[in-house]
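All remarks here apply to the structure that follows.
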Amino acid sequence: MTDRGSVHTTVTVRFAPGARTVSVPKGTTLLRAAQQAGQEIVATCGARGRCRSCRVQITAGATPPATLADRVQLGDDEVKERYRLACQTETWDDLSVLVAPIFEETSFQILAETQTLRSAAGFILDSGVQKAFVTPSPPSDEEHQDSDLEALMRELDGNVTGTSLDALRRLPSLLRTSPPGLTAAIFERTLLGVEPGDTRAQVFGMAFDVGTTTVVGYLVDLSGGTVAATVSGLNPQAAFGGDLMSRIAFAQEAPANVRQLHTRIIQLLNGQIDEACERAGASRDRIYKIVVVGNTIMHHLVLGIDPTYVGQAPYAPSVRRSVQVAASEVGLRLNPPTPVFLLPIVAGFVGADALAMILSTRLYQTREARIAVDIGTNGEMILGSQDGLVACSAPAGPALEGAQLQCGMRAARGAIDQVRIDRAVQYHVIGADRPLGVCGSGVLDTIAGLLDA
């Protein structure tokens, strides 16, 4: 075994599968080495040694001594087989590591169904997006100097007071090569873009609910209020911790970590836009507005804002008011000026998703006191009526997702989600015959059944 006082200050770690290799300073944990190597290792508990999701097996090199967390989470048998928790194991020698297989969590049960926006909410959708088909003629008289934009504005009858640079770049060519006319896409009196031909029938927007664990996107036909496609998936930031405080702790370590968390969620949103457009037979160039809600940490990370101080008293967010940015500013692959809206934040851990719940349920209009509860990884509760509202939050995810149970897993294929205990134990498994683990509803059913028995 190499002397820890050796002149060599770095060690080499090889990860399999994938054959990724990285050199790191001695004393670096295997989890941080994996992250530097681009090797995916899930750390549900946020690298606190309180779960077994990051377990790895040492296949070559001197096996590091087992920590107390190793023995508690893995047990003596796996410790003897050279399994270790990547988040707790420091590297002092060159090692080869096999990333242990985790539960194949597929076919997640993510609640994502919705009706048309008009029938579900009882109001007429006004997105602020308009399209106008016009047939302007390019300037042709040398005696009367004119511009392409002025020619277009005359056709729009003063409905536009500003324009995007993207529209200005497209206009000269389209004005002269797009018979019999072109379509102007307008948002709140600003010209977003110009398109060849008549595209008034194609007006879409995207709405995202960015949760700590799951992300759901809705492609909405803004002309009729119908949901054209719904897509959902797991938040890829979960590799750095399953709960909000774990994400904050990871972000605190280095500015690059904030960029990494931001990049991961934006990549997912771009993928969901592609998937939704494919399902609906739409083009991403016909998306003119994006709305994003999420808890305060997710809100900040979508914008690339460091959430560190939200996790420290007095838990102040960077911004509480609504935010509007261009798609290009956050990295969404849409027409650069496409507006992206994030709803206001209520307080520290009561985010824009809570405000969306208030607006959609119209809780603020009821005469009698009512309560609305969003049970997610970050749970939010709103109590009140037209006389006022009170909000609070609490972490619910660990209880629902089996984060610290040896056989705990999310509500995915192979999870026991229902249990009944009478003279025998009966259970239901999601999408399979053989169970792989148990999710939160199965745990609650089991506890309730045992108490009754």
Side-chain angles (χ1 to χ4, degrees), residues 110-128 205 207-218 220 225 227 232 235 243-245 247-248 289-303 305 307 309-324 340-401 440-441 444:
I110 299 175
L111 299 179
E113 295 302 319
T114 186
Q115 301 169 304
T116 66
L117 297 185
R118 286 181 175 176
S119 62
F123 58 82
I124 296 175
L125 180 65
D126 181 8
S127 65
F208 290 104
D209 181 0
V210 180
T212 312
T213 302
T214 58
V215 180
V216 181
Y218 303 93
V220 180
V227 177
S232 61
N235 189 328
D243 59 273
L244 294 179
M245 297 309 295
R247 310 274 172 91
I248 292 174
K289 186 177 182 181
I290 302 288
V291 176
V292 180
V293 300
N295 60 61
T296 306
I297 307 303
M298 295 303 104
H299 169 285
H300 279 33
L301 290 176
V302 166
L303 293 172
I305 298 172
Y309 301 105
V310 184
Q312 302 173 3
Y315 313 108
S318 174
V319 58
R320 287 180 58 203
R321 66 178 62 181
S322 61
V323 175
Q324 177 184 344
V340 179
F341 288 88
L342 291 93
L343 268 61
I345 290 168
V346 178
F349 285 93
V350 183
D353 52 350
L355 186 61
M357 180 170 64
I358 293 170
L359 292 172
S360 62
T361 59
R362 301 190 181 184
L363 192 64
Y364 58 93
Q365 293 181 338
T366 62
R367 294 184 178 181
E368 298 178 351
R370 297 184 180 182
I371 187 168
V373 183
D374 178 0
I375 304 178
T377 306
N378 180 58
E380 296 160 313
M381 290 133 278
I382 315 294
L383 171 66
S385 65
Q386 61 186 12
D387 298 322
L389 301 170
V390 179
C392 66
S393 68
L400 298 177
E401 297 161 9
S441 60
L444 295 176

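The model shown is predicted, which means the values in this text are computed figures rather than measured ones.
- Two residues are said to be in side-chain contact when any heavy atoms from C-beta on lie closer than 4.5 Å; F349 and M245 meet this criterion.
- One N or O on the side chain of S360 and one on the backbone of M357 form a donor-acceptor pair closer than 3.5 Å.
- The side-chain heavy atoms of Q386 and T366, taken from C-beta on, include no pair separated by under 4.5 Å.
- Within the 3.5 Å criterion, the main-chain N or O of G348 finds a donor-acceptor partner in the side chain of T296.
- Remark: D374 CG to I358 CD1 distance equals 11.0 Å, nearest 0.5 Å.
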F208/I290 under side chain to side chain contact (heavy atoms under 4.5 Å, CB included): CA gap, chis, key distance, verdict: CA-CA 8 Å; F208 290 104; I290 302 288; 4.0 Å; yes
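- Here T361 contributes atom OG1 and R370 contributes atom CZ; the two are 9.0 Å apart, rounded to the nearest 0.5 Å.
- For E380 against V350, the heavy-atom pair with the smallest separation is OE2-CA, 3.5 Å.
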N235/R247 under side chain to side chain contact (heavy atoms under 4.5 Å, CB included): CA gap, chis, key distance, verdict: CA-CA 12 Å; N235 189 328; R247 310 274 172 91; 4.0 Å; yes
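- Residues S393 and N378 form a side-chain contact, since some pair of their non-hydrogen atoms from C-beta on lies under 4.5 Å apart.
- With a 4.5 Å cut-off on side-chain heavy atoms, L359 and Y364 count as touching.
- One finds the OG atom of S385 at 11.5 Å from the CD atom of Q365 (value rounded to the nearest 0.5 Å).
- Under the 3.5 Å distance criterion, with hydrogens and angles disregarded, a donor-acceptor pair is assigned to the side chains of T212 and N295.
- Evaluation of the side-chain contact (heavy atoms from CB on, under 4.5 Å) rule for Q312 yields Q252, T308, Y309 as partners, not counting sequence neighbours.
- Expressed to the nearest 0.5 Å, how far CG of L363 lies from CD1 of I371 amounts to 9.0 Å.
- To the nearest 0.5 Å, atom CG of residue L355 and atom CZ of residue R320 are 10.5 Å apart.
- Judged by distance alone, the side chain of H300 and the main-chain N or O of S318 form a donor-acceptor pair under 3.5 Å.
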L303 and L301: CA distance, side-chain angles, deciding distance, side chain to side chain contact (heavy atoms under 4.5 Å, CB included) verdict: CA-CA 5 Å; L303 293 172; L301 290 176; over 6 Å; no
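- Within the 4.5 Å cutoff, the side chain of L343 has heavy atoms near those of the V291 side chain.
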Derivation and outcome, side chain to side chain contact (heavy atoms under 4.5 Å, CB included), residues V215 and M298: CA-CA 10 Å; V215 180; M298 295 303 104; over 6 Å; no
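- Of all heavy-atom pairs between V346 and G351, the closest is CG2-O, 4.1 Å.
- Taking the side-chain contact (heavy atoms from CB on, under 4.5 Å) definition, one finds that D209 meets it with V293, D353, sequence neighbours left out.
- For the pair V220/K289, no side-chain contact is recorded, criterion being any heavy-atom separation below 4.5 Å from C-beta on.
- Counting only heavy atoms from C-beta outward, the side chains of R321 and P344 never approach each other to under 4.5 Å.
- Contact of the V390 side chain with the I382 side chain is not registered, since no non-hydrogen atoms from C-beta on lie closer than 4.5 Å.
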